Amino acid sequence: MDAQPHEQRRTATEPAAGAVPQAAAGAAPEFAAGPEVGAGTEVGAGLDRRAELSEFLRTRRARLQPEDVGLAHYGRQRRVPGLRREELAQLAGVSVAYYTRLEQGNGRNVSAEVLDSIARALRLTDAEHAHLIHLAKPKHKKKQAARTQQVRSSLRQLLDTMDGVPAYVVGRRSEVLAWNRMAAAVFGDWAQLPAPERNWARMVFLKHEYRDLFIEWEQKAIDIVCALRMEAGCYPEDPRLSALVGELSVKSEEFRRLWAAHDVKEKSHGVKRLRHPLVGDLALMYESLKLADDADQSLVVYHAEPGSPSAEALRLLASWGTDATTAGAPPTP
C-alpha cells in the first residue's frame, strides 16, 4: 500500500486534508451542540407522533381484505380500502370506540396486551409490531433524541484493520459516522462531502451518481425509508430527523411516495449489487451489526464470495489505494 490505513480513514470529526473547514463554509461544527442539518434546511420541532400512529394503523388496516383474516366478503363495494374499523376491532377483541380513539392517535393509556391483539389482527411483522409499540408508548424523550453521536476510538481502529473489505459505521438518521479506505474506494470519498451530506438518505435520493452506483436503486431507497420510519417511531421528537424528512419530501418525489407508505422493516444482512466506475459490476454481501453499547450505531461490513469476480475487483481496489478513491469514486459536486 502507498499509505497506512489510518491515513486513508476519515470520520465525521476528521475532515480530509485540503477540505474547506466547516466554519469557512458557513456550516455548524459537525458535532457541536444543537441541530445539524443540511444546507437550506430548517430544524423542525419533531414529527407529530399522534399523526404517525394514526397513519400507520390506517395504512396497515387498508392493506388487509376481509378474506385475508377469515371474514366473509359479500361482494358489495366497500367505501374504504381494506378492513373497516369495526371489523378490525372485532378481530382484536376491543370495542369500535376504543380502536377508533387509538387510530386517531390517542394511544397514551393503551395496554401492551391490547397492542399485541391489534398487531395480531393486522398481521404485523415483528418490525411493524415494535414500531406500533414505539408510536403508541414512546420511551425516548426529546433530550435523548438530541444526543450527539460519537464513534469510539477503538472502533475507528477496528475499521483501520479491515483494509480488505468496505466497512463503515452508520448512526441515527442514516448518518455515516466513520469509514475505512475500502468503503471510500467503493462508495465514494465521503471526506470530500460536508458533514450533513454524509448521510445515506441524502446521498441516495439527492445525488444522481448513487442512482448509477446501485443497480437496484429502488430497493436501496426502500430500505433507507423503512429504516427512517422505524427511527421516527423511536424518536418522534427528534428535530433533526424531522428536518431531514422535510428536506427530502420537498426535493424528492420518490422519497415522498415511499414515506407515505408507512412501511417499516429492519435488514441486518443481504446482498447489494453495484456498478462501480472502475471495476464494473460488484455483488457484495453485507452484515449490519448493532453495537452492544449503542444500539443507534451499526457497523456495516461488505464482502464478496471468495474466488468470485467481485472478490478480485475488491482486491484490485485495495491494491490501487488512494487512486481508487480519487479516480473511481462517484464525483462530488
Side-chain angles (χ1 to χ4, degrees), residues 35-64 80-82 102-105 107 119 122-136 138 140 142 145 170-176 196-208 210-211 213-214 216-268 270 272 288 296 298:
E36 172 190 317
V37 295
T41 302
E42 295 182 359
V43 177
L47 299 170
D48 185 336
R49 183 184 61 80
R50 293 187 60 168
E52 292 290 310
L53 174 60
S54 175
E55 283 300 299
F56 178 69
L57 287 172
R58 186 187 61 78
T59 55
R60 299 314 89 179
R61 179 168 57 84
R63 72 183 181 180
L64 290 176
V80 296
L102 184 62
E103 194 173 288
Q104 290 172 344
L122 288 171
R123 306 297 196 264
L124 299 187
T125 66
D126 289 344
E128 290 171 332
H129 190 175
H131 185 60
L132 173 62
I133 293 172
H134 290 150
L135 289 174
H140 298 293
K142 191 170 185 178
V170 65
R172 297 265 308 285
R173 301 172 290 271
S174 74
E175 294 170 3
V176 179
E197 294 182 25
R198 299 172 197 156
N199 177 293
W200 271 120
R202 287 192 176 101
M203 290 186 290
V204 167
F205 284 100
L206 303 182
K207 291 185 177 294
H208 66 84
Y210 283 90
R211 293 178 182 267
L213 179 64
F214 287 96
E216 296 157 331
W217 179 90
E218 176 80 7
Q219 187 58 55
K220 178 65 175 177
I222 290 172
D223 292 345
I224 288 173
V225 173
C226 288
L228 289 177
R229 270 287 178 202
M230 286 288 292
E231 188 172 328
C234 294
Y235 297 99
E237 296 187 2
D238 183 354
R240 301 181 195 178
L241 177 59
S242 177
L244 176 65
V245 170
E247 175 191 356
L248 295 174
S249 296
V250 169
K251 295 180 178 179
S252 171
E253 188 278 331
E254 292 103 330
F255 181 85
R256 289 197 301 274
R257 172 177 57 84
L258 294 173
W259 186 255
H262 285 263
D263 291 334
V264 296
K265 64 180 177 180
E266 292 183 304
K267 293 190 69 173
S268 58
K272 291 298 180 188
S288 181
D296 290 334
S298 296

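Every heavy atom of this structure was used, including side-chain atoms; hydrogens, water molecules and symmetry mates were not. Keep in mind that this is a model prediction, so the values were computed, not measured.
Between Asp263 and Arg60 there is a salt bridge, since at least one side-chain N of the basic residue sits less than 4.0 Å from a carboxylate O of the acidic one. The pair Glu175-Arg240 does not count as a salt bridge, with every side-chain nitrogen at least 4.0 angstrom from each carboxylate oxygen. For the pair Arg257 and Glu218, the salt-bridge criterion is met [side-chain N within less than 4.0 Å of a carboxylate O].
Scored by the side chain to side chain contact (heavy atoms under 4.5 Å, CB included) test, Ala232 finds Leu47, Leu241, Trp259 as partners (sequence neighbours excluded). Take Glu216 and apply the salt bridge (charged side-chain N to carboxylate O under 4.0 Å, His left out) test, not counting sequence neighbours, and it matches Arg273. Remark: Arg58 engages Glu55 in a salt bridge (charged side-chain N to carboxylate O under 4.0 Å, His left out) (not counting sequence neighbours).
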Show the numbers, then the answer: is there a side chain to side chain contact (heavy atoms under 4.5 Å, CB included) between His131 and Thr125?
CA-CA 10 Å; His131 185 60; Thr125 66; over 6 Å; no
Given Arg63 and Glu128, is the salt bridge (Lys or Arg N to Asp or Glu O under 4.0 Å) satisfied, shown in steps?
CA-CA 14 Å; Arg63 72 183 181 180; Glu128 290 171 332; 2.9 Å; yes
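Screening Leu244, Val245, Val204 for a side chain to side chain contact (heavy atoms under 4.5 Å, CB included) with Phe255, the sole residue that qualifies is Val245.
Closest of all the heavy-atom pairs between Met203 and Arg198 is CE-C, 4.4 Å. The minimum heavy-atom distance linking Ser288 with Ser298 is given by the pair OG-CB, 3.6 Å.
Here CD of Glu103 is found 11.5 Å from CZ of Phe56. Values are rounded to the nearest 0.5 Å. Here the CD1 atom belonging to Ile222 is positioned 6.0 Å from the NZ atom belonging to Lys265, to the nearest 0.5 angstrom.
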